[in-house]
Protein chains: 4
Amino acid sequence: MSHNTFGHLFRVTTWGESHGPALGCVVDGCPPGVPLTEADIQPWLDRRRPGQGKFVTQRQEPDAVRILSGVFQDERTTAKFGGQVTTGTPISLIIENTDQRSRDYSEIATSFRPGHADYPYFAKYGVRDYRGGGRSSARETAARVAAGAIARKLLPGVTIRGAVVQIGPHAVDPGRIDFSVTGDNPFWAPDPEIVPVWERHLEQVRKAGSSTGAVVAVEATGVPAGWGAPLYGKLDAELAAALMSINAAKGVEIGAGFAAAALSGEENADEMRMGNEGPLFLSNKAGGVLGGISTGQPVTARVAFKPTSSILTPRRSLDEAGREIELRTKGRHDPCVGIRAVPVVEAMVACVLADALLRHRAQTGGGAHVLGENPKS
Amino acid sequence: MSHNTFGHLFRVTTWGESHGPALGCVVDGCPPGVPLTEADIQPWLDRRRPGQGKFVTQRQEPDAVRILSGVFQDERTTAKFGGQVTTGTPISLIIENTDQRSRDYSEIATSFRPGHADYPYFAKYGVRDYRGGGRSSARETAARVAAGAIARKLLPGVTIRGAVVQIGPHAVDPGRIDFSVTGDNPFWAPDPEIVPVWERHLEQVRKAGSSTGAVVAVEATGVPAGWGAPLYGKLDAELAAALMSINAAKGVEIGAGFAAAALSGEENADEMRMGNEGPLFLSNKAGGVLGGISTGQPVTARVAFKPTSSILTPRRSLDEAGREIELRTKGRHDPCVGIRAVPVVEAMVACVLADALLRHRAQTGGGAHVLGENPKS
Amino acid sequence: MSHNTFGHLFRVTTWGESHGPALGCVVDGCPPGVPLTEADIQPWLDRRRPGQGKFVTQRQEPDAVRILSGVFQDERTTAKFGGQVTTGTPISLIIENTDQRSRDYSEIATSFRPGHADYPYFAKYGVRDYRGGGRSSARETAARVAAGAIARKLLPGVTIRGAVVQIGPHAVDPGRIDFSVTGDNPFWAPDPEIVPVWERHLEQVRKAGSSTGAVVAVEATGVPAGWGAPLYGKLDAELAAALMSINAAKGVEIGAGFAAAALSGEENADEMRMGNEGPLFLSNKAGGVLGGISTGQPVTARVAFKPTSSILTPRRSLDEAGREIELRTKGRHDPCVGIRAVPVVEAMVACVLADALLRHRAQTGGGAHVLGENPKS
Amino acid sequence: MSHNTFGHLFRVTTWGESHGPALGCVVDGCPPGVPLTEADIQPWLDRRRPGQGKFVTQRQEPDAVRILSGVFQDERTTAKFGGQVTTGTPISLIIENTDQRSRDYSEIATSFRPGHADYPYFAKYGVRDYRGGGRSSARETAARVAAGAIARKLLPGVTIRGAVVQIGPHAVDPGRIDFSVTGDNPFWAPDPEIVPVWERHLEQVRKAGSSTGAVVAVEATGVPAGWGAPLYGKLDAELAAALMSINAAKGVEIGAGFAAAALSGEENADEMRMGNEGPLFLSNKAGGVLGGISTGQPVTARVAFKPTSSILTPRRSLDEAGREIELRTKGRHDPCVGIRAVPVVEAMVACVLADALLRHRAQTGGGAHVLGENPKS
């Protein structure tokens, strides 16, 4: 991952600031002949869009995506693929910023909001676009979600689902996680019982002008064995980088994660039996990855998000002149950025998997070696 | 990070299998004029070397490193630099494998040890070097440690120190962590009081033919503000990838990590005051990284390691023919691979930081903007 | 260079097709604090723009560039830098396509124009945007020129000048090349005497519905010694790739180029004397590059361009069904694409040099070692 | 291509200096299951080896290659593949330097040999290994040839053949080029009639203590349509970079190359007819590449090599103190380095094609779309 590009073969380059005219990305390396229109991308952006509840930021923007290149339609693509398809050339996506309210940035223009990227951006670059967080705004994640929508098109048998599994101190009981119910509540909660608990907690947090952290879990089912590339292109290392690059992420786990530290070898080593369609694992402590390569089990990860840094409580800080100040962050913001991160986490997993698919195909021709047989491709 | 190379400008390519004739790495992009001999690298390898206690594997090898290229010495380098120095060309390091005991691998040649990379390597590649784990053996980490020793030479003001902070269920009290005492015990424990606890635990584990997980903490002090590059070259994303790529790693945290999920915004946003030598932070929940860029605080991370997969208890598994088998892993091994990981974790942090230094210098000329002043370089 | 991105640290990703809504590029890795507005880029695009004479294509578009990200202006940037500056974040540039005439593409939709990329695009991708050449149209070079304008801002002491030195069989006398007069004629000719010769030749070519090739020379003065990186990042190798990637390029020479094959060692080895400001070379057969690193002499290269493939003479070809056909290419086109390539060649050289500057600074801190002194930075 | 690595998916990292203990390379990304032993590589090194005639350097070394990693053999690989095969992990190759004669380097230690890389290496790095040219020695090309031998194993249907087509002013008649006879003479001449001409010329050059340049042509037959990736990963751009990175290369042409500048559009646009096995081109001015993608025709290129810079005639130069000196280069050397470049040119083409094969397979699944049919894979 280099500066503003991630991926090796399915490569995503994002650009844009919170209050510039637009943001977007260029997706390069996409295979040709993949049906793709804005209608394939927009629903994923709509899921990510803020302003959908009182617990997320009130910024109201349609986040309408436009495809500027890399697709084509004529009567023959319609006959063969059903409409517009990718051509194998770079796909440029753009989302206009329509809600950059005119406001007074004089206070934060020269001050560093604690917990924000303000100070290190100043230290590194000297100059920074402080309006709405500039490049470090979570608005950039719209480009990730758009790219992820394209990645999903390359992964027809793979299902990627995220859920919030902890808000503040309140965690979902792991035994009650059901990814199919996350759409039924405004928190992407995989357990209806936690919803009122989180509602109360977030109401308190909101009233206090405070914020709270969260943990997001993600699961990709249908990933075949063999994706990933040891040792520095390990699938879990790629996931770790992709997920840790999301705004406010502070930790990444694969499978059992930190809990693995307290396990015994017997508990941790997922046993194998033979199923009708290939190996069956009797547990999935590995999170679907061993030695950096997928095992065919669900790929599972968890990401920790810190509390939103923008809070109403005054905090001690500094300004560019080195003066000691007190600062409270005004304006719209989420009390819990982790909630909005769910579609972003899913998108990053999709992009990593699409990249892994292409890399696997490059080195091996695709497919996996099957027990008791010669390799199939 | 691509397959067997990591780093963008300080680039490390490793090669070698557990039971091949040798292993090694090529370090490319190192600045010229850096004093470097085998004596700068060997001590770090000696720290990593197994066979130093009853709780680590009994494989006995000198792990003597040789530099094959990229350095030069004549009377002028001696006069100017005190001896042999790097020339800016690729540095090739080699470590002979001298303890590849001849033994019978017939059992594991066609079987998949649960928790090991055996099955996914088979699924991906069809053919694999199963002797001692082949490429997926922890022996490869010697190359990482050697590369890390070179990286440290580029970071004169930076101190990188790791410690084991949890073995099995027994964690060090965070308030008692003292990195300066890790060398006084065989566990890299940062608190002498935990040592007898871990001894008892590991003795039980060893007798039971079992294994146990661990958590390693690492801290880099002296990292100036400004290193790292948003958004996909974030310092924390690079650290996450590098650390997750270590054998048996299952989780990575930066700063408060997963604990941040339960914090309030007030607790999490590190406040700032002005010190004599620049900004002072009153806490370090961020782990020294905000928005993907270093803040000048210590960079802190934690890595979770799963229990060693090789255990004496028979486990259910499969072989390449698809037959259901029971397997117990014989031979030498560590009951807790996390212990040996400490020098590896340090080395990966060193490599990431050296790379970040070069990338920062490329884009900005180096240095950081200082409060109340123009930029210094 | 990967698919649609070139450069290592000064990275340019281009996108867009001839008849899509727009084209553009993302420039990543640009240093912060560089004054930059559209007015810095537009003049270079205006130089490249077709429709400026009867010997270049009549497509009429303003090619107005917009900067969508990566720059910022407030009263402080105005005070310090004189206006808007780069922030170190990715710079997204967009140029609308305004002259995509509605026309009938039915003939070329399924046919392969000889000399064009039609057939290999079909063979590789199956689907292709045939309107105006799609992705393989020379229109893409507008993005290169825009990126090159930014690169030039990073190279204040460097002057990059291109010229057409051969059209068809008519070459400029090397002894008469004067880069300062190229703006005085519509051919970028560095010698006024060749202008009427080329005019007559092109008039014949145009009347015959034919086309002709050309050679473009380029020279970068002010490049200090030390840029480039052996062995596979050699400055001349990077230039060769960048220049060969331009549409219709078929050859690249550095310095004496192919003529070096006929030279003796005495003639080829540029002798050195000491000048007031450093080493002086008594000739420049090397083209300013030895061992892949700049010598401080002008960097010189030449690029051969094939004749425009679109000609009015019917040519034997095939269609997608495998039928043998005869095809003549109708519509607007240049009789000599090499003429329009001059600003593109300059831009590619600028991008390669900006990248080399950043890479050199990364590994060495910048500057060059000076004869008789310690290194200056 | 970054510093000492080239290739995207078939990646070669070389290391080593002329007078260090060894040189070698790491080949990463090679598919698994490819039969490979030293016997597959050594013959190609033997072709490259100097000391085989009076017109090439008298350095006498066996250049014996050893494979240190990335291959495996047991009874099952023997049964299935016939012996040792690649495993998909990095292949480390090493060649010992056995003929680093002890000699006096005091003269060139601080002086810059004209035409050599001495001065720019000094300017960039300050310190350099001047013994035998250090890193810039043509000895490094042994690693390229070894890597190329592996690349050839991935290209079973492709034949890559090089030839010297010009030495000094004496060029082979293009109509008489027959690649099948290059092994019959010490010059890789594709026409027996030129042999005595070159013998006389080189004898004169050698007696005069001078040197001479050369042009090498290379042809790859059997490359299917569809390899390469526009726009910056164009097959011809990759070839240009790879070939220009060879020591002493000063120019690269694809197909008609610089001669294309003097052609008319009619002459240049290769017409197509339908053959029994697919499209037939009636000429190959394109050199097998259109729009950066292979056409299925032979890929043809030419590389210009400058005269050997080491000559016995004293030349004016400088030393590190800035003093003006006269320098003649003593010791063994070739009067014409271009001759030895033939196996190196072939190897670089093989590596580029192997990389293109893997990249093509990644994005498209492999294969090519066929006229009148659906895609085959």
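Sequence lines set the chain letters: A, B, ... in the order given, protein chains first and strands last, and positions in each chain run from 1.
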So which atom in B:G126 and which in A:H369 form the shortest heavy-atom distance, rounded to 0.1 Å?
N-CD2, 3.3 Å

CG/A:L231 to OG1/B:T5 distance, rounded to the nearest 0.5 angstrom?
10.5 Å

Run the ring pair (Phe, Tyr, Trp, His ring centres under 6.0 Å) test against A:Y121 and tell me which residues pass, sequence neighbours left out.
A:Y125

Go through the atoms of A:S294 and report whether side chain, backbone, both or neither lie under 4.5 Å from a heavy atom of chain B.
backbone

Atom CD in B:E267, atom OG in A:S210: separation rounded to 0.5 Å?
8.0 Å

Find the distance between CD1 (A:I311) and CG (B:N268) and round it off to the nearest 0.5 Å.
9.0 Å

Under 4.5 Å from any heavy atom of chain B - which part of A:R302
both

In terms of heavy-atom pairs under 4.5 Å with chain B, the winner among A:A171, A:A301, A:A240 is A:A240

Interatomic distance, CE@B:M244 vs CG@A:D236, rounded to 0.5 Å, equals 6.0 Å

B:K124 and A:H360: side-chain donor and acceptor closer than 3.5 Å?
yes

Within a radius of less than 6.0 Å around CZ of A:R323, do more than 12 heavy atoms belonging to other residues, nucleotides or ligands occur?
no

Might you point out which heavy atoms bring B:K250 and A:A260 nearest each other, and give the distance in Å?
CG-CB, 4.4 Å

Looking only at heavy atoms and a cut-off of under 4.5 Å, which of A:G133, A:S136, A:G255, A:A229 has the most pairs with chain B?
A:A229

A:F112 meets the ring pair (Phe, Tyr, Trp, His ring centres under 6.0 Å) criterion, sequence neighbours left out, with A:Y119, A:F122

Has the side chain of A:K234 got a donor or acceptor atom that lies under 3.5 Å from a matching backbone atom of B:S245?
yes

The interface call for A:V205 against chain B, heavy-atom contacts under 4.5 Å, is neither

Using only heavy-atom distances, determine whether the side chains of A:S317 and B:E271 contain a donor-acceptor pair under 3.5 Å.
no

Chain B interface, residue from A:M274, A:K306, A:R273, A:Q166 that has the most non-hydrogen pairs under 4.5 Å:
A:R273

